[in-house]
Amino acid sequence: MARDIFDETEYERRVDRTKERLREEDLDAIVVADPANMNYLTGYDGWSFYVHQAVIVTPDHEEPVWVGREMDANGARATSYLSEPNILSYSDDHVHSPYDLHPMDYVAGILEDLEVADGRIGLEMDASYFTAKSYTRLQENLPDAEFEDTTLLVGWVRIKKSERELEYMREAARISENAMQAGLDAIEAGVPEYEVAAEIYDALITGTDEFGGDYPSIVPLMPSGDHTGTPHLTWTDRPFEDGDPVIIELSGCRHRYHSPLARTTFVGDPPAELEETADIVVEGLEAALDAAEPGVTCESVEKAWRDTIAQYGLEKEDRIGYSMGLGYPPDWGEHTASIRPGDETVLEEDMTFHMIPGIWTDEIGMEISETFHVTSDGAETLADFPRRLFTA
């Protein structure tokens with residue numbers, strides 16, 4: 001029996017919306033390989049994405065079909081809402097097989113049983129865990145099928161959150177606050193970076209007095225010293241030194257739902273340039289949050305940030321935010337809407353974004369971010385944490 005994370009009716013609504021998209025795209029089936037999309041459609045939750053797995057949805061089959069490794073089928077029974085006939089598994093000799101077997105051979109057989117072997121089948125061609133060999137094996141096994149790239153189809157279904165999803169993201173925000181405070185409290189001269197990472201991880205999993213945390217899709221990112229202009233570094237054995245700027249980007253996770261948060265601290269007395277940059281980032285962030293409301297476009301939200309920092313002679317080429325929520329490694333983003341020039345996605349109520357308008361140059365790095373929910377009145381930030389440059 002599935003865990004009581006969402007009502008079965010919520011999964012049914014998600015699947016119905018996905019089927020509507022299939023009909024709109026004139027597709028006979030979709031093979032979903034992104035573990036976040038698999039979870040969204042069925043509730044399945046397990047660390048099994050290192051082997052091939054999928055969820056198949058057709059317009060006419062009532063439930064999705066989960067397909068995975070035989071030893072993981074009990075995980076589907078434990079976590080998904082699916083009935084027994086729709087939990088199917090391949091034998092272990094398909095895993096890293098020396099016998100020229102591949103899990104997509106088994107998936108192809110299921111597509112034949114669903115009578116779509118000669119139809120238009122959507123594949124998540126750019127999903128992290130859908131490999132080139134998966135594609136070629138499906139082609140070999142289903143020569144009469146027409147394959148279409150539907151990488152973002154389920155992602156666009158996911159972009160508006162239900163009240164229960166928002167509840168989990170708010171809980172994740174509470175965990176983010178605790179973890180950020182733990183990291184900031186642990187940083188001081190002479191403390192190795194890995195000890196701070198350990199304190200952050202402890203807080204991420206310990207959660208709050210009311211609920212625990214899950215593993216996040218991305219590890220805590222902690223560029224420091226000369227490397228704060230490189231945002232995606234983790235931690236090392238190096239002790240922090242007086243004069244080090246340190247960026248922390250992390251996210252609490254609750255039932256796979258995230259609420260990322262980034263802040264910057266400085267070991268010792270920060271230089272005036274960094275303090276000034278922090279003030280500019282906060283002003284620009286708040287201008288962009290003020291601009292976010294239903295009916296405006298992603299690019300217009302970014303323009304509020306761009307116009308604000310331009311007054312101080314600053315420019316930023318990268319996007320400043322993206323739609324996110326439910327996720328598995330390696331990412332908590334949904335890969336759909338981005339807050340950047342040229343993205344004409346119109347904000348709608350109950351969308352959620354991570355807005356991270358960092359400034360990264362060869363000399364300096366500064367991150368202050370917020371996760372926000374688009375409400376009828378504007379942007380609701382999920383975390384309650386001071387927006388400023390911290391000092392250690």
Side-chain angles (χ1 to χ4, degrees), residues 2-3 5-6 11 14-15 18 22 29-58 61 63-97 99-114 116-117 121-142 145 147 149-155 157-158 214-215 217 255-256 326-332 334-335:
R3 294 176 292 180
I5 297 173
F6 293 101
Y11 290 115
R14 297 171 179 183
V15 173
T18 302
L22 294 181
I30 184 173
V31 179
V32 176
D34 184 312
N37 290 342
M38 292 177 62
N39 176 290
Y40 183 78
L41 293 171
T42 71
Y44 178 69
D45 181 21
W47 192 283
S48 54
F49 41 85
Y50 68 96
V51 295
H52 296 285
Q53 55 183 18
V55 163
I56 301 170
V57 180
T58 76
H61 195 72
E63 290 183 355
V65 176
W66 178 91
V67 190
R69 190 179 184 181
E70 190 170 51
M71 67 172 61
D72 294 315
N74 279 339
R77 296 181 183 102
T79 62
S80 81
Y81 84 97
L82 301 177
S83 56
E84 185 63 29
N86 294 305
I87 297 173
L88 304 176
S89 58
Y90 55 83
S91 56
D92 210 67
D93 55 0
H94 287 72
V95 178
H96 309 150
S97 174
Y99 314 111
D100 195 30
L101 296 174
H102 193 276
M104 288 301 143
D105 303 340
Y106 186 78
V107 170
I110 294 171
L111 291 167
E112 289 177 344
D113 292 341
L114 292 170
V116 296
I121 300 172
L123 303 176
E124 294 183 329
M125 302 284 283
D126 206 27
S128 296
Y129 301 104
F130 186 77
T131 65
K133 190 167 187 178
S134 293
Y135 180 44
T136 59
R137 292 302 278 250
L138 286 173
Q139 286 181 311
E140 292 167 9
N141 281 283
L142 302 172
F147 294 107
D149 183 4
T150 53
T151 300
L152 298 181
L153 188 147
V154 178
V157 173
R158 288 169 46 192
D214 204 344
Y215 64 90
S217 293
H255 297 311
R256 307 308 320 145
L326 171 64
Y328 284 82
D331 192 13
W332 52 54
E334 292 173 336
H335 307 163

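Throughout, numbering of the chain's residues begins at 1 and tracks the sequence.
Here the side chains of R256 and S217 are in contact, with some heavy-atom distance below 4.5 Å. Proximity of R69 to S48: side-chain heavy atoms (C-beta onward) are nowhere separated by under 4.5 Å. Looking at heavy atoms from C-beta onward, I56 lies in side-chain contact with L111 at the 4.5 angstrom threshold. Taking 4.5 Å as the limit, every side-chain heavy atom of L22 sits out of range of all side-chain heavy atoms of T58. In this structure the side chain of E70 never reaches within 4.5 angstrom of the side chain of Y90, judged on heavy atoms. Between V154 and I30, some side-chain heavy-atom pair lies under the 4.5 Å cut-off. Side-chain contact check for V32 versus E124: some heavy-atom pair is nearer than 4.5 Å.
Between H94 and H52, a ring centre-to-centre spacing not shorter than 6.0 Å is recorded.
Taking the ring axis of Y44 as reference, the NZ or CZ atom of R77 does not stay both within 45° of it and closer than 6.0 Å to the ring centre.
In terms of heavy-atom proximity, N39 sits nearest to R14 at O-NH1, 4.4 Å. Closest non-hydrogen pair, G327 versus A36, comes out as CA-CB, 4.1 Å. Nearest approach of Q53 to G68, heavy atoms of both residues: CB-CA, 4.3 Å. Residues P64 and V15 share a closest heavy-atom pair of CG-CG2, 3.6 Å. Nearest heavy-atom pair across A29 and V116 is CB-CG2, 4.0 Å. For the pair E334 and L152, the tightest heavy-atom approach, listed with the atom from each and the gap, is O-CD2, 4.4 Å.
Note that CG of D34 and OH of Y40 are 13.0 Å apart. Values are rounded to the nearest 0.5 Å. Atom OG of residue S80 and atom CD1 of residue I87 lie 4.5 Å apart, to the nearest 0.5 angstrom. Considering NE2 of H61 and CG of D113, their distance stands at 10.5 Å, rounded to 0.5 Å. Within the model, atoms CD1 of I5 and OH of Y81 stand 14.5 Å from one another, a figure rounded to the nearest 0.5 Å. Taking NE2 of H102 as the start and NE2 of H96 as the end, the distance is 9.0 Å to the nearest 0.5 Å. To the nearest 0.5 Å, atom CG of residue L41 and atom CG of residue L82 are 9.5 Å apart.
Side-chain contact, Y328 with D45: a donor N or O sits under 3.5 Å from an acceptor N or O. Counted by atom type alone, D105 and N141 present one or more donor-acceptor pairs between their side chains at under 3.5 Å.
Using cut-offs of 30° and 60° on the angle between ring planes, the pair Y129 and F49 is tilted. Taking the six-membered ring where tryptophan is involved, the planes of Y135 and F130 are tilted, since the angle between them lies from 30° to 60°.
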Quick one: do D149 and D126 satisfy side chain to side chain contact (heavy atoms under 4.5 Å, CB included)? Show the steps, please. CA-CA 8 Å; D149 183 4; D126 206 27; 5.5 Å; no

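The ring pair (Phe, Tyr, Trp, His ring centres under 6.0 Å) search around H335 returns none, not counting sequence neighbours.
Looking at E63, its side chain does come within 3.5 Å of a backbone N or O of S83 through a donor-acceptor pair.
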